[in-house]
Amino acid sequence: MRFISLSIIILLVASANAFAQKSIFKMYRFESSELFDINLTKPKGFKVIDGKRTFAVNEKMNIGTLYQVTLESKAKDCLILYPWFMIFKHHEMGARNMVYGEVEAALNIPPDNKTIKLDTAKYVKIIAKNDMKSYFNADTVFIYKIKLPKPYKEVYSECIGINTIKNGHPSAMIKILLTEEGIKKEDEYMQTVFKSMQYPDTAPTYNKEKFAEVRKKMERRFFYGKNKSKFIGYYE
């Protein structure tokens, strides 16, 4: 009897965790759509394993940021860290500078370096075409690939950083972390990320009032349901 009870408890906990993980991406997608008109689609074959988390390409360097959602591939050979969207002043410059700062950090080049010259073309690819529909519909996309000084979670050895800039819209920083097996499918995983996010053509209007309104909508829809009769989800 105890065994049956324990099994039921384990099943309930697992179900609750699965629901919570699904709700994290739903709320992230809802907030992004309501605030910025950014369309997000959860990649097929990936599951949510975590909400907000910080990540740095080099733990010894003081450069990194916060990511809203972490997704894991079915084969467990790829992690996708989805961004928080930056709307602070001069965020476009921040997204651009972060690219080169993270590459230098991965190469163990100190931030106050004045002697080592970084061959930016070797590590950073800049995409800015007339038609950017295949690249988030952004204006400019920065992509870099680096080997991590220390494998993340001891298995993810390569990092692909993708930073996006679009005039009048929030900038974004995305990471793709790959195991040695995942590196063989890096092009496939990059296309998966490109297809999962699209900027709108027109710039959104966002302010404190709109943020507050969206938060209220999230509380009604995700935390307690439309009638607030029961708790149905959470947001970290």
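Starting from 1, each residue takes its place in the sequence as its number.
- Pairing each heavy atom of K76 with each of K47, the nearest pair is NZ-NZ, 4.3 Å.
- In this structure, M93 is not a member of the same hydrophobic cluster as M86, with clusters built from ILVMFWY side-chain heavy atoms closer than 4.5 Å.
- With contacts defined as side-chain heavy-atom distances shorter than 4.5 Å, the pair D50/Y67 does not qualify.
- At least one side-chain heavy atom of P200 sits less than 4.5 Å from a side-chain heavy atom of H169.
- Linking ILVMFWY residues whenever their side-chain heavy atoms come closer than 4.5 Å, directly or via other members, places M173 and L66 in the same cluster.
- Proximity of C159 to Y152: side-chain heavy atoms (C-beta onward) are nowhere separated by under 4.5 Å.
- Considering every non-hydrogen atom in both Y28 and P83, the closest pair reads OH-O, 3.0 Å.
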Exercise for the section: For salt bridge (charged side-chain N to carboxylate O under 4.0 Å, His left out), just list the numbers for K195 and E188, CA-CA rounded to whole Å, side-chain angles, deciding distance to a tenth of an Å, and then say yes or no. Expected result: CA-CA 11 Å; K195 293 174 183 176; E188 174 189 334; over 6 Å; no

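- A donor atom on one side chain and an acceptor atom on the other are found under 3.5 Å apart for D77 and Y189.
- Applying the side-chain hydrogen bond (donor to acceptor under 3.5 Å, both in side chains) definition to pairs two or more places apart or across chains, those involving residues 97-111 are N58-N108, E102-Y144, E102-K175.
- The distance from the CG atom of L177 to the NZ atom of K153 is 10.0 Å, given to the nearest 0.5 Å.
- Once rounded to the nearest 0.5 Å, the distance linking CH2 of W84 with NZ of K52 reads 11.0 Å.
- Here the side chains of P151 and L148 are not in contact, with every heavy-atom distance at 4.5 Å or above.
- Interatomic distance, M132 CE to T140 OG1, rounded to the nearest 0.5 Å: 6.5 Å.
- Residues I176 and E186 are not in side-chain contact: their nearest non-hydrogen atoms beyond the backbone lie 4.5 Å or more apart.
- Between the NZ atom in K42 and the OH atom in Y82 there is a gap of 9.5 Å [rounded to 0.5 Å].
- Rounding to the nearest 0.5 Å places CD1 of I87 at 7.5 Å from CG of L35.
- With F136 as the fixed residue, the side-chain contact (heavy atoms from CB on, under 4.5 Å) test singles out one of I127, I38, N39, V141: V141.
- Minimum heavy-atom separation, K185 to A75: NZ-CB, 4.1 Å.
- Considering only heavy atoms from C-beta on, Y199 comes within 4.5 Å of T164 through its side chain.
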Practice task
Might you work through the side chain to side chain contact (heavy atoms under 4.5 Å, CB included) test for L107 and I146, ending with a clear yes or no?
Solution key: CA-CA 8 Å; L107 297 173; I146 50 175; 5.6 Å; no

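- With values rounded to the nearest 0.5 angstrom, L79 atom CG is found 7.5 Å from S73 atom OG.
- A distance-only check finds a donor-acceptor pair linking the side chain of N163 to the backbone of A95 [under 3.5 Å].
- Residue pairs meeting the salt bridge (charged side-chain N to carboxylate O under 4.0 Å, His left out) criterion with at least one partner in residues 157-171, sequence neighbours excluded, are D139-K166.
- Test V48, I49, L40 against V69 for side-chain contact (heavy atoms from CB on, under 4.5 Å) and you get one pass: V48.
- Screening residues 116-136 for side-chain hydrogen bond (donor to acceptor under 3.5 Å, both in side chains), with sequence neighbours left out, gives no hits.
- Inter-residue side-chain proximity for M190 and I143 is flagged as met; some heavy-atom pair is nearer than 4.5 Å.
- Counting heavy atoms from C-beta outward, P43 and L71 have side chains that approach closer than 4.5 Å.
- Among the candidates I80, L81, I24, the single residue satisfying the side-chain contact (heavy atoms from CB on, under 4.5 Å) test with T70 is L81.
- Taking every heavy atom of both residues into account, V193 and S196 meet most closely at O-OG, 2.7 Å.
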